[in-house]
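Written out below as structure tokens is the structure these notes cover.
Chain identifiers are assigned alphabetically (A, B, ...) following the order of the sequence lines, protein sequences preceding nucleic acid strands; residue numbering begins at 1 within each chain.
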Amino acid sequence: MAKQDKLTPRSEDFNDWYNAVVQKADLADYGPVRGTMIVKPYGWALWENIQGALDSRFKATGVQNAGFPMFIPMSFLQKEAAHVEGFAPELAVVTIGGGQELAEPIVVRPTSETMIGHAYSNWIQSYRDLPLLLNMWNSVVRWELRTKLFLRTLEFYWQEGHTAHATAEECDERTRMMLDVYTDFAVNEAAIPVIPGVKSEMERFAGANQTLTIEAMMGDGKALQSGTSHNLGENFAKAFDIQYLDKNNELQYAWTTSWGLSTRFIGAIIMTHGDDNGLIMPPRLAPYQVVIVPIYKNEEEQVSVLEATNRIQQELVAAGIRVKVDDRENLSPGFKFNDWELRGVPARIEIGPRDVEKNSVALARRDVPGREGKQFVSQEGLGQTVADLLVEIQQALLDRATKFRDDNTHDVENYDDFKTAVSTGFARVWWAGDNADETRVKEETKATIRCFPIAQPGGSGTCFYTGKPADKIAIFGRAY
RNA sequence: CGGGGCGUAGCUCAGCUUGGCAGAGCGCUCGGUUUGGGUCCGAGAGGUCGUCGGUUCAAAUCCGGCCGCCCCGACCA
């Protein structure tokens with residue numbers, strides 16, 4: 001195996017790097033229908049860890065999981081004007097069932113607000129029925145024209161939460177609460193320093209009064225919307241007649257929210273942390289946190305090395321660490337090192353005859369390549385040593401990503417500087433433009449308002465584009 | 001849907017200009033060898049050359065239709 005084709009360096013062709021890494025790291029493959037994706041076990045394991053981290057957070061806020069049909073009557077979509085207008089171009093529609101032409105076409109859900117609206121209008125009669133807090137883990141279908149593994153496929157996996165409330169205040173609070181959940185998850189589980197903020201009117205979800213988002217910067221400086229939380233106001237309640245009697249026996253419309261995070265987030269992890277050697281998984285979400293590579297020349301060494309390997313594996317498992325032992329025959333250790341680096345396993349333990357003799361192991365960290373990242377440590381207390389290292393790696397990834405984002409985010413005051421800024425990253429600007437201005441900026445620079453950050457500096461300034469007085473700052477960037 | 005590129009082994013591709021036995025590297029299987037940063041040797045398996053038609057004694061190769069995929073644009077979690 002003299003030379004196996006290497007990854008295209010990220011700096012050379014980020015897109016090519018991404019496509020190669022997704023497939024070579026065994027996360028996913030293309031499905032037979034254009035734009036569809038097969039998620040492979042390693043990729044799905046990552047998704048399961050994402051699900052676990054989110055699900056427990058949802059439940060901690062009182063949310064329960066449920067399942068709803070993937071088939072939605074076409075007429076449901078049409079009940080909310082903005083909603084149908086937004087989704088009509090990308091619907092998959094079933095017109096034949098069981099060999100018979102259907103009386104009414106059935107839509108494969110692109111999202112479930114309408115199905116939820118239907119159910120909630122039946123379930124909600126009284127203020128005592130509120131709040132109603134449900135979530136579902138499912139897949140949805142949107143007929144996208146241009147697709148890319150994890151980032152945009154015809155079908156994708158996600159969770160969609162749907163809540164109904166008695167008051168506008170509670171609704172608002174829940175919208176914000178779920179944004180905070182996503183932010184906490186992204187920062188503390190995925191080590192991705194997202195910017196929580198408010199979407200502009202143009203980027204708002206079809207049918208929402210307000211869309212909140214977490215925006216992340218990828219390794220090429222482009223933005224990725226990584227999770228969203230929508231305040232739907234009374235829009236869907238009015239369209240689906242979700243009404244309840246309040247304490248004064250007066251009929252009121254409910255206030256609803258919806259919020260989602262998809263397998264797109266896997267793309268965010270890949271593009272935030274990966275390097276020229278492949279993936280780097282954040283330890284808290286990594287399917288395998290440590291890989292052990294045993295090294296031996298002959299049978300005698302094999303026996304003692306594997307004995308030590310098993311013992312160490314058990315100790316690490318007992319310490320709550322997710323461990324993979326690579327006992328594949330006929331593959332050299334060097335090959336395995338590269339292989340697991342490509343797959344992004346955060347830490348690697350090498351055990352050879354010399355280690356058995358000296359009661360040590362070689363411990364390498366994925367985020368620091370080469371010799372610098374490798375150290376020889378005692379087998380004594382290895383569980384704790386590794387656990388500590390994983391915490392350190394998690395923090396280092398967050399620090400590095402934060403620095404990268406900050407280094408590539410620029411405060412600008414004029415259009416020329418703006419264009420320079422968005423060619424490599426984000427521009428942070430005072431903004432007082434309208435939709436037409438935003439459209440023009442997009443046409444001229446490909447950059448859009450990613451969000452108005454929740455954390456506003458206060459005060460006021462001058463809009464870089466219109467020259468008008470502005471009271472809020474916006475983050476602009478080119479987006480996936 | 002507009003512009004460009006491409007369909008040959010599981011993957012990456014050569015062969016096509018000038019028609020004449022279906023190829024290489026990687027991967028896979030078997031045997032041996034090796035193993036502390038992408039081991040080496042040997043033997044194998046594997047293809048209706050996207051598809052339909054045309055030209056020809058003869059088509060992966062020339063001509064036409066269709067289908068599909070990739071990249072760039074418009075649309076998007």
Practice task
Nearest-nucleotide wise, let me know which of A/Lys446 and A/Tyr480 is further upstream toward the 5' end of RNA chain B.
Solution key: A/Lys446
Completion exercise
The correct set of residues in residues 341-355 of chain A placing a heavy atom under 4.0 Å from RNA chain B is A/Glu341, A/Arg348, A/Glu350, A/Gly352, A/Pro353, A/Arg354, A/Asp355
Problem - For B/C1, the Watson-Crick or wobble counterpart (both distances under 3.5 Å) - result: B/G73
Handout entry: Separation between the P atoms of B/U56 and B/G19, rounded to whole Å
Key = 16 Å
Fill in the blank from the handout: Against the side chain of A/Arg34, the closest entry in B/G36, B/C69, B/A77 is B/C69
Handout entry: Residue A/Trp44 excluded, over 12 heavy atoms near CH2 under 6.0 Å
Key = yes
Handout entry: Same-atom distance (C1') from B/C21 to B/U61, integer angstrom
Key = 15 Å
Handout entry: Proximity to RNA chain B (any heavy atom under 4.0 Å), residues of residues 257-290 of chain A only
Key = A/Ser262, A/Arg264
Handout entry: Euclidean distance for C1', B/G47 against B/G23 (whole angstrom)
Key = 11 Å
Fill in the blank from the handout: Considering only heavy side-chain atoms of A/Gln225, the closest of B/A77, B/C75, B/C71 is B/A77
Practice task
For nucleotides B/G10 and B/U48, find the distance between their P atoms and express it as a whole number of Å.
Solution key: 9 Å
Problem - Lys/Arg-Asp/Glu bridge criterion (N-O < 4.0 Å) met for A/Asp339, A/Arg348 - result: no
Exercise for the section: Considering just the side-chain nitrogens and oxygens of A/Lys297, establish if one lies under 4.0 Å of OP1 or OP2 belonging to B/G36. Expected result: no
Completion exercise
Looking only at B/G36, B/U35, B/A77, the nucleotide nearest the A/Thr153 side chain is B/A77
Handout entry: Greater than 12 external heavy atoms within 6.0 Å of A/Gln64's CD
Key = no
Handout entry: Spacing of A/Phe335 atom CZ relative to B/G27 atom C1', expressed in whole Å
Key = 10 Å
Handout entry: Presence of donor-acceptor pair under 3.5 Å, side chain of A/Lys374 and base of B/G37
Key = yes
Handout entry: Basic-acidic side-chain contact under 4.0 Å: A/Glu215, A/Arg405
Key = no
Problem - Minimum-distance nucleotide to A/Asn330 side chain [options: B/C71, B/U35, B/U34] - result: B/U34
Exercise for the section: For B/U56, give its Watson-Crick or G-U wobble partner with both distances under 3.5 Å, or none. Expected result: none
Practice task
State plainly whether the residues A/Glu301 and A/Arg354 are in salt-bridge range, i.e. N to O under 4.0 Å.
Solution key: no
Practice task
Assign A/Pro333 to base, sugar-phosphate, or nothing according to its heavy-atom contacts below 4.0 angstrom with the strands shown.
Solution key: base
Exercise for the section: May I ask you to list the residues of residues 191-214 of chain A, by number, that have any heavy atom positioned under 4.0 Å from an atom of RNA chain B? Expected result: none
Handout entry: Aromatic A/Trp259 / basic A/Arg176 pairing, under 6.0 angstrom, 45° off normal
Key = no
Practice task
Can you tell me, in whole Å, how much space there is between the C1' of B/A59 and that of B/G15?
Solution key: 14 Å
Problem - Of A/Gly370 and A/Ala479, the one whose closest RNA chain B nucleotide lies more 5' - result: A/Gly370
Exercise for the section: Name the orientation class of the two ring planes belonging to A/Phe240 and A/Phe236 (parallel below 30°, tilted from 30 to 60°, perpendicular beyond 60°). Expected result: parallel
Exercise for the section: Can you figure out which of B/A74, B/A77, B/G36 approaches the side chain of A/Leu145 most closely? Expected result: B/A74
Problem - Carboxylate-amine/guanidinium contact A/Glu438 A/Lys442, below 4.0 Å - result: no
Practice task
Under 4.0 Å between any heavy atoms, over every strand shown, what does A/Phe87 touch: base, sugar-phosphate, or nothing? Just pick one.
Solution key: nothing
Fill in the blank from the handout: Partner of B/G25 under the Watson-Crick or G-U wobble criteria, both distances under 3.5 Å, comes out as B/C11
Exercise for the section: Measure from the side-chain heavy atoms of A/Arg142 and tell me the nearest of B/U33, B/A77, B/G36. Expected result: B/A77
Handout entry: C1' gap between B/G2 and B/U18, integer Å
Key = 36 Å
Practice task
Sticking with atom P, work out how far B/G65 lies from B/G3, rounded to a whole angstrom.
Solution key: 15 Å
Exercise for the section: Please determine, for B/C6, whether a Watson-Crick or G-U wobble partner exists with both distances under 3.5 Å, and give it or none. Expected result: B/G68
